[in-house]
Amino acid sequence: MSSELLRALWVATGETLYMTSVAAVLVLLAGLPLGVLLVVTDRGGLWERPAVNRVLGTLVNVGRSVPFIILMVAIVPLTRLLVGTTIGTTAAIVPLVVAAIPFMGRVVEQGLREVDSGLVEAAVAMGATRRRVILGVLIPEALPSLVRGTALMVISLLGYSAMAGAVGGGGLGDLAVKYGYMRFRTDVMLGCLVVLLVLVQLVQWLGDGLASRFERASS
Amino acid sequence: MELHRDSRMYGRGEQAVTCCSAGRCAVIELRGVSKVYGRGEQSVTALRNVSLRVEYGEVFGMLGQSGAGKSTLIRCVNLLERPSCGEVRVDGKDMLALTPAELREARQGIGMIFQHFNLFASRTVAGNVAWPLEVAGWPRERIRERVEELLALVGLSDKARAYPAQLSGGQKQRVGIARALAPRPRILLSDEATSALDPETTRSVLGLLRDINQKLGLTILLITHQMEVVKSICDSVAVLEQGRVVEQGKAVDLIARSGTRLHELCYPPSAPADGSALPGGRRVELSLVGEHSTRPILTTLARRFGVDAWLLEGSMERVGETRVGRLLFELTGPPEAVDGALGFLREQGLTPEVPRV
């Protein structure tokens, strides 16, 4: 591999990290409240609102069932509105975030549902406000599974970001398609794969490590 | 018994101030409480028209099989469950009329412990005990002091930094108790607190509950399916069957009086002892409560009336702080002497039951 291509790989890695990390933060910011809402508005929840729950649940399912490629194209107007352009690394963040929020919502929901309902009952019996029960009991108790879920989300974003790259987002996916696939440069293809593999491993390792640290404290 | 109870009532400083001067004041009062889950044909009635009075400073036990509605009932006190109809008064306050903020404040005055402890796994023992105080907005320094004080009370000072997963069942329940007591509640609700514990741990946890009941003047409402719990710490009892209160009163009275459900639970009817039926014998069943239980009844009968007493069954145990005994025996001798002996027992206020001749 020439030094030029190595540089291209380096730049592409930077773009992928940029897309994934900005998207991950935004997804976390939106997915956490979404997951909390999915849990507390459900029947028997802290803030029972069956209608709200149904609407949110349906939205999430719709979001999760649209294939990413189609979603990327479908939300082009939104992307232009938010970023001003539909091409480039920053523009690719919008579909990434939109696609991953419903996924993260379900991941958070699942984590929170694993918390023993008796703990919530005990907290309510102590006169805690809803806010306090959520922030002081539900989320801390679910922390290990929330961390694991976040790692899962980041890894999915890495995968999606490769796809976003293919339609002009830049990043490792873009490089792999342009050089590795279209110009039959197997070495570039392999380079991209190795970097992606390392990133996935790193995120998984970090997530598992953090999660088990929280678990060790409590078991 | 009554005197003892009253002395406890008046002797508790700040706790006793709000108690009404008549001396008989319900801390928890339920009137006509019903709870129906669901609607129409699928509805399930958990409670039917339940009325209860829990008086200041007593340990009140609600005894019932699983499915009798006990846990629904105890949750109606702090409104974890809202009754479908009826009235709930705690400390004179109409709970159903409170605003959400007032209800949260009222709940801080009602501690609760649970069968499965419900400790926060992500917090240390000290963190668990501190939780309700953080909710109540105590300053950090006072929380620290209070937590130390409580852990000393339940004998777990050395476990402050441990996590719940590192504790035994009995220790977990002690943490649960410390946490429930932290904001100085006047009432403690206990939801089958000893059901998941082995007999020895159960005894020590019950001892702790009795202790705090007496030391802190705390009123305890507990639900249980264990007769042992009623016998060892309850002053008053209500028996719940299919959502209805079928019996209510002082534990000692109910256990000593034959024909009540508690009496039957304590002394399951034994197989008719045919072999021991004596010709001309009169079968007598005596319940001995309090001072009666300390007198030599059988030998007195023998000496004064010249009758013989053939003991069939006998037991003597403690219900709370009162000794309660039960004797089943046959009297033989000249008929006048036996009649005289029975008359003597009646004079003593012992109302001998004569189930069979």
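Numbers restart at 1 for each chain; the letters A, B, ... are given by sequence-line order, proteins then strands. Small disclaimer: the values here were computed from a predicted structure and weren't measured.
B:Asn118 approaches A:Asp116 most closely through the heavy-atom pair OD1-OD2, 4.1 Å.
Both the backbone and the side chain of B:Phe120 have a heavy atom closer than 4.5 Å to some heavy atom of chain A. With a 4.5 Å cut-off on non-hydrogen atoms, B:Leu189 does not touch chain A at all. Contacts of B:Leu79 with chain A are absent, with no heavy-atom separation under 4.5 Å from either backbone or side chain.
The salt bridge (Lys or Arg N to Asp or Glu O under 4.0 Å) check on B:Arg75 picks up A:Glu121, B:Asp191, with sequence neighbours excluded.
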For residues 122-144 of chain A, which side-chain N or O atoms pair as donor and acceptor with protein atoms under 3.5 Å away, sequence neighbours left out?
from, atom 1, to, atom 2, distance (Å)
A:Thr129, OG1, A:Arg132, N, 3.2
A:Arg130, NE, A:Leu46, O, 3.2
A:Glu141, OE1, B:Ala121, N, 3.2
A:Glu141, OE2, B:Ala121, N, 3.0
A:Glu141, OE2, B:Ser122, N, 3.0
A:Glu141, OE2, B:Ser122, OG, 2.8

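Other residues, nucleotides and ligands contribute only 12 or fewer heavy atoms inside 6.0 Å of the CD atom of B:Gln65. When the shell of 6.0 Å around CD1 of A:Ile87 is examined, it contains 12 or fewer heavy atoms from other residues, nucleotides or ligands. When the shell of 6.0 Å around CD of A:Gln110 is examined, it contains 12 or fewer heavy atoms from other residues, nucleotides or ligands.
The most heavy-atom pairs under 4.5 Å with chain A, out of B:His116, B:Met112, B:Glu134, come from B:Glu134.
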